[in-house]
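Following: one structure in structure tokens, then a few remarks.
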Amino acid sequence: VRARPTKLGMAAGDVIRRGWEVAGRLATIYSGGRRARRFYAFGENSSICFPWSTLLGDDRIAIGVDTMVGPYSTLSAGLPLQPPNPPWAGPTLTIGDRCLIGRSATITAHRDIVIGDDVWMGNGVYITDQNHDWSDPEVPMGAQAQEPRPVHIGDGSWIGNGAMILPGSSIGRRCVVAAGAVVTGPVPDHAIVAGVPAKVIGSTLTSVPDRPAASA
Amino acid sequence: VSVRTSARRLLGELVRRGWEGVSSLGAITSGDPRARRFHSFGANSSVCFPTAALHGTDRIALGSYTMVGPYSTLSAGQPFLPPVPHAVDAEPMLRIGDGCLLGRNATVTAHRSIVIGDAVWMGDGVFISDQNHAWDDPEQPIGAQASEPQAVSIGAGSWIGNGAMILPGAVIGERCVVAAGAVVTGPVPDHTIVAGVPARVLGSTATSRELGA
């Protein structure tokens, strides 16, 4: 940050900020665009905001209509240097219609991640269907992988800021996953889960906020 | 060294210097045309480039000697709707005090009232919001419904650890410590150290420097 702003510096800063905003609008991936066509499917009125962090295996990623993925996000399906998705194979990562995925999301699919319709997520949500492994003591854990376990998120659910959805998570319809929660297994329809590891603390069938006990 | 390699190195150096120059010039600093759009923007403060999102800046008051790290979101009012012009004499919806430091990748979204006191230092990726979604209407997605906002405040001199989440109704006192990754949803008295999901009291900053146990 400059110590003493000059008139010229301020003018340059304004040009840079406006340029960045215009670049963001132009470079965002919209349905129908050249980049969108690389995806397995890319529904109408959907977008992936610029700048993204990583996009890998676009031809294994299916995105519904009216869905937005925030900037600085990673969507990954399969592994680097994989051959193109064969014509008979379906998508590895599926995101439904009218979803909102916040900034700095990380979604890495190796076998099957399905996000239903109308799922809204906060920022910094992490979703993966595969863990690392430590069976071979001679190989670094990062170079070993467990068998992937599919992840599913049901229609109309809300995933709070910074939540982590780990391999084997199967989240029902209209669930709430609280901010910072870590999910590793099944969550029944309409359940509210929170904490590390996530536990059921309520239901979205009863009326609104039976607020969790005060924090301190 | 081949011509190709030297050309690559030179280009790389240009990109690095260019990015540093752009980041430095692109920061919003006191007196900038962009800073004047804020409710107030104290002297020697800055919002680093690039920002993730700035929304309703005329409802955001920033003190002096305060820095907001890059890739951050500051939002006041309802995103996705065109901002309603703010009455000149109305209180700001989001107030950040003097001498604060908000780390990179912060998200602060105010719908009614978020007040951050003076000299509050935060790690990276901190999330602060005064409104939750709701599930009253079974026909609507939960994300499309909102519950009543509950004001959030953070007292002067407190420290908010990396990745902490400060949720609606959180009222954090002065000189508190919120540990990394903690999730705060209610009152935290002055001088309290809280940690965990949900956050629990672990100690006091009024006594010794040692944590918990």
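Everything numeric in this text was worked out from a predicted model, so none of it was measured. By convention in this document, chain letters (A, B, ...) are assigned in the order of the sequence lines, proteins followed by strands, and residues within each chain are numbered from 1.
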Mind listing the closest non-hydrogen atom pair of B:Thr51 and A:Tyr72 along with its distance?
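Result for this residue pair: O-OH, 4.2 Å.
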B:Ser129, part contacting chain A, at a heavy-atom distance under 4.5 Å
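Looking at B:Ser129, nothing touches chain A.
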Which portion of B:Gln145 sits near chain A, non-hydrogen atoms under 4.5 angstrom
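It is the side chain, since no backbone atom gets that close.
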Salt bridge or not for A:Glu21 and B:Arg34, using N-O below 4.0 Å?
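Looking at B:Arg34 together with A:Glu21, the answer is yes, because their closest N to O distance falls below 4.0 Å.
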Got a donor-acceptor contact below 3.5 angstrom from the A:Arg98 side chain to the B:Pro141 backbone?
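Between the backbone of B:Pro141 and the side chain of A:Arg98 there is no qualifying donor-acceptor contact (under 3.5 Å).
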Report which part of A:Ile192 has an atom under 4.5 Å of a heavy atom belonging to chain B: side chain, backbone, both, or neither.
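Contact with chain B: side chain only.
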Taking side chain as everything from C-beta outward and backbone as N, CA, C, O, which of these in A:Cys175 sits under 4.5 Å from a heavy atom of chain B? Side chain, backbone, both or neither.
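Just its backbone gets close to chain B.
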How long is the straight-line distance from OG1 of A:Thr204 back to CG of B:Asp136, given to the nearest 0.5 Å?
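Result: 10.5 Å between the selected atoms.
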Taking the side chain as every heavy atom from C-beta outward, state whether [X] and [Y] have any atom pair closer than 4.5 Å.
X	Y	answer
B:Asp32	A:Arg17	yes
B:Ile142	A:Val176	yes
B:Asn105	A:Arg103	yes

So B:Trp135 and A:Trp158, would you call those rings parallel, tilted or perpendicular, with 30° and 60° as cut-offs?
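Geometry flag for A:Trp158 against B:Trp135: tilted rings.
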